[in-house]
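First listed ligand is number 1; within each ligand, the first listed atom is number 1.
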Amino acid sequence: MTNLLEIKNLNVEYKTESGFGVQIKTVKAVNKLNLNIKKGEILSIAGESGCGKSTLAKAVMKLINSQSGEIFFDNKNILKLKYHREIQNFYKKVQIIFQNPYSSLNPKMKIGQILSEPLEINTKLTKDEIRKIVEDKISLVGLDKTALNLYPHEFSGGQRQRIAIARSLILDPEFIIADEPVSALDVSIQAQIINLLKELKQKFNLTFLFISHDLSVIKYISDRIAIMYLGEIVEIGLSDEIFALPKHPYTMALLSAVPELGVTEKKEKIELKGELPSPENLPQGCKFHTRCPYAKEICKLKNPIITKFSDTHMCRCHLY
Ligand code: SF4
């Protein structure tokens, strides 16, 4: 399979300001990050809140600036796109689904208008052709055509997320970023939405970057998983490799905190020390050393290099 997305040495920083608007610190949210996503796969990024996963999603969507590095989509460096038409083409192929469908749907527009708008802006289709596509897409996500005449507030959270998914599909994209798409939903509804995303992936050969802090959801949907900690990928592998043979102490700790996954029942729970450090004060050496139960002297001094366990499974840790 060829890579649809290739991220090389990506750095994303932002500045924090004091109460009086004085610039005080540079926060490194994404650090020299490398990641490939193959056409047709679901790659998930897992990690605690504040680890940089949503910042990475926004950088790939060009919603925020990246300081350096390259992001190739379909072999084109999207950070170098300048012309309106190039950027418009990119947004036809790449779409994002957010955590809160209510805030991403205009409350003053009917669902039919919300779904028609991208087609009116980006194509020369007739009104009838647009209507037909909109009706197809709304039934594709399991809603009736009557939904098109209603406003977002007239739907439940799960239905609104179905509408957001329909809107993400309206221009027939190749790649979808799903940023915590089920975190705001009841557990019973979460499974329905995840199943819908899996069906759509199969049907249209879509590629997904799926972001979640919930490892049970990630286990169910992912082909590959990347574990992120303070702006870096610390472990990456096939879903089975990560769940059956986790290598990085951070991955082990995340898995051991979810006993129902059934992969760590014979292993002891790994307690993480303290909270996730602020990205304003990144630790030297291995960024995980302040919380790692296996930290050694070298961990405080040197960031580990990548160790490969197979063609697909690798991690950054001085234990290997
Ligand atoms: Fe822990 Fe050291 Fe490995 Fe970092 S490099 S995860 S501190 S053992």
Review point. Should the pair Lys203-Glu199 be classified as a salt bridge under the 4.0 Å nitrogen-to-oxygen rule?
Key: no
Exercise for review: Could you list the residues that satisfy ring pair (Phe, Tyr, Trp, His ring centres under 6.0 Å) with Phe72, not counting sequence neighbours?
Suggested key: none
Practice item. Please list, in chain and residue-number order, the protein N/O/S atoms closer than 2.8 Å to atom 1 (Fe) of ligand 1. Key: Cys292 SG
Show every donor-acceptor pair shorter than 3.5 Å between a side-chain atom in residues 277-285 and any protein atom, with sequence neighbours excluded, or say none if there are none.
unit_1: Ser278; atom_1: OG; unit_2: Glu280; atom_2: N; d: 3.0
unit_1: Asn281; atom_1: OD1; unit_2: Lys25; atom_2: NZ; d: 3.0

Practice item. Hydrophobic side-chain clustering at under 4.5 Å (ILVMFWY, transitive links): who's grouped with Tyr14? Put none if nobody. Key: Val27
Check your understanding: Do the rings of Tyr229 and Phe288 sit parallel, tilted or perpendicular, given the 30° and 60° boundaries?
Key -> perpendicular
Check your understanding: Can the positive tip of Lys247 be found less than 6.0 Å from the middle of the six-membered ring of Phe309, inside 45° of the ring normal?
Key -> yes
Review point. Can you list the ligand 1 atoms lying under 4.0 Å from a non-hydrogen atom of Pro304?
Key: 5 (S)
